[in-house]
Amino acid sequence: MVSDPSDTPSGSSPAGLRAQIAWFALPMLFCLWLNWLGLKTWFTADDFAWLGLRPRVHDLSSLCWALFHPFAQGTVRTLSERAYFLVFYSLFGLNVIPFRIAAFLTQFAAIGFLMAVLRRLSGSALAAFLAPLLWCCAAPMALAMGWSSAYNEILCALLLFAAFYFLLRHIDSGRRRDLIAVWACYLLGFGALEHIVVFPILASAYALLFARPYFRKTLLLFLPALLFAGIHVFLIPPSTDPLYQLSFDARIFDTLRTYWFLSTAAFRPIDNWTRFPHPFGLALSLALAFALFGYAAARAARRDYRGLFYLIWYFALLAPVLPLRNHIQDYYLTLPLTGLAMLGASALAHALKSRRPALATAAIVLALAYTTVSASGLRFNLRWNYEHARSLQSLIEAIYDAHLAHPGKIILLDNVTNGLFWAGLGDHPFRLLDIPGVYLAPGSEVDIQPHLEWGGISDYVIGPSQAMEALDQNRALVLVVGVHGVIDVTGSYRKVLAAEMANLSPMIVDLADPAFASRLGPEWYSIDKGFRWMPRSATVTLGAPTSPGMEIVVTGFCPAAAVAAGPVHLSVSAAGRNLGSSAITAPDSPFVVAFPLPPSLAPTGMMSVTLSLDRVFSIPSDRRRLGLAIRRIEIKRPD
Amino acid sequence: MWRLKLIFVLVAIALLLANCKRPRQARAGSASSDRLLSVLNVADDSAAVQLVHGFYDPEGNAWRWTGPRFSVVLAPPPGANSRGALLVLKVTVPQNSLDSIGPITLSASLPGLPLSPQTYAQPGEFSYSRDIPASSLAADAVNIDFQLDKTLPPSGADSRHLGIVVTSVALESR
């Protein structure tokens, strides 16, 4: 390997020591400056699920369960998720700052090891200095730096670089203690993130390219990775979440293309990743591809394979997420981007030292273009995450205040958006604050996508009859969630609900309200997440139409699985008369379909209405045959 | 000496962090109002409780897109139970909606009272206004349902069925 010790800071003198400290510290300070908002970003989404572990730990057995039981797509990230949240929540409660300080310190340590590794690999202190700057200003880093649940990414980066650093030291020194450190960091990595299984590939690729005598020794590293993979495949049930379904087909290349565009700042924060980037982004991405691959190829032609090794680093760490075509996440690039950062920094340092002004200028222009665009995207994403989390924090604190002011009352939330719900409410933050009985205002739950795979929304659903009873008995508080905060609308909401219920009469069946149970046939499944699932056929009893020209309106939700094999057809009959059929096509979407009642249909009193489907489906771990999730069936005038 | 400094710094950090785990005190709650509104600017927070269903999130601090069906609950204005009232729904019909799906027909109804529909074939701002007889306004609160004959289907990252843009809805005195 070629090394240039002349530009490596030396710590042998006080001035050298100061230079070395500055050399390490400046990229860390740059990271802190750039990601400052991430230090203050409150909890969102999955954070509450992990925070919720602590109240469930009472003894050694429950502690072991919390630390080692597979959760969330079968993962067991004992260090980066379980221990991290258990320890910090125990010490600091819902104060996010200590969580974030720990994450930033971990990132600083990862930066330190990255610099040490690259200085050793490239022999260039300048390249080692530049690499963390390029890494830290990458737009996809926003979640890793601002979301506590993404701590696994940076802890894994730290352990990966630490393991590799000690591997390099072991190769240089032959010392046994360095080899022990390699194994310690590597094995700890399994408690951080599954990506650590890539480490043996990186180690063996390095040994193959640069340290052949150690190649056989690196093969031993595959044993824990294979054992880990075997446990995942054979002992942990696969995820039923369609988002996490693995697909091994040609579409992997589409996913790879998207990740490349994300890696090279081609997308603006507002862009749709399923499309091609805007012209400037595309040009930047192509220019970076040309420069990086060109540099690696040019060096390889001179038998310097370090550029090639950095590309292997990038693609090997990206490979585990490529089959997840339904779940492309920019923060999955946290680890792979270190490969591009090492490559880019090496290329830039090489260009600056080349004594070719044109090459150096081109490299600087390209690096500035990338860092400017990417850092701008990073700041945008950090700001978005921060504001989103702050809204959630304000809402939860307002609800907590309302709970303290009105202890014992249930709380009904109106106007909760789907985004806000799944940003945190879905993971039950109120359990952490000992606030029982928080529900969505009756009817407002239809605006929330049920997401059965995430646990659904049933815990938040309350029927209008129950809500009205609680309001009448002064046991309920209604808060409307607005843009500018939370407003207590208990009095006015009671009138709104009364007006809605006055419309109910026998002409409606609310499937999510137990009060309507007596009007349902025996076929219906129990209330589930604001709906009732119907099998192939199900009946309800409705009041007969009071005048000609009315229609039956069916409201529900169509999961993707129901239409995976094409449209599902919903047929309706009333009082023995077939009213027709309607095709439901949109996956994971609410639907409303109407069936006109013929004028000749004129029974009196109540009548039986039957809903039928031409196809049902089932999901693993659920023996039921499921059709559609129905929310409401009503007879009304077509307006 | 440096050990003392280190201990001091660690203790200070620990105290700082421990202090952050503070019990919260109840703040004064927002004022509660029992009064229903007769006029709703749909983007206002105070209006949200009376937008029963079918409205998407407010945009531009001024309007909301609707779905194919949407409902509001309004308080009849003073004297409406003897003189009746005027229902006024202020809408905007975007050009791109008309280009994609053609003319849009809006209809409305109160309980037991269908109102005549209106078809919009030109883009722009409109008021859908209908007389409501006193007999339909006897209660403290009136549920009003609206329906569109067609909507823009979901496209790209936007999974919404977009109907029309609504800025306000009101029951006005006559």
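Computed from a predicted structure; not experimentally measured. Per chain, numbering begins at 1; letters A, B, ... match sequence-line order.
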Check: A/Y84 ring centre within less than 6.0 Å of A/F99 ring centre: yes
Kindly write out the residues that satisfy ring pair (Phe, Tyr, Trp, His ring centres under 6.0 Å) with A/H406, not counting sequence neighbours, or none if the list is empty. none
Contacts of type side-chain hydrogen bond (donor to acceptor under 3.5 Å, both in side chains), residue B/T105, not counting sequence neighbours: B/T119
Any A/E634 side-chain heavy atom under 4.5 Å of A/V554 side chain: no
Where does A/V592 contact chain B at under 4.5 Å (heavy atoms): side chain, backbone, both or neither? side chain
Pick from A/L477, A/D414, A/V496, A/V480 with the largest number of heavy-atom pairs that fall under 4.5 Å of chain B: A/V496
Among B/V49, B/V73, B/L37, B/V72, who wins on heavy-atom pairs under 4.5 Å with chain A? B/V49
Is A/V416 in contact with chain B via its backbone, its side chain, both, or neither, using a 4.5 Å heavy-atom distance? neither
Chain A contact via B/V52 - which portion, at a heavy-atom distance below 4.5 Å: side chain
Compute whether any side-chain donor of one residue and acceptor of the other, for A/T555 and A/R631, lie under 3.5 angstrom apart. no
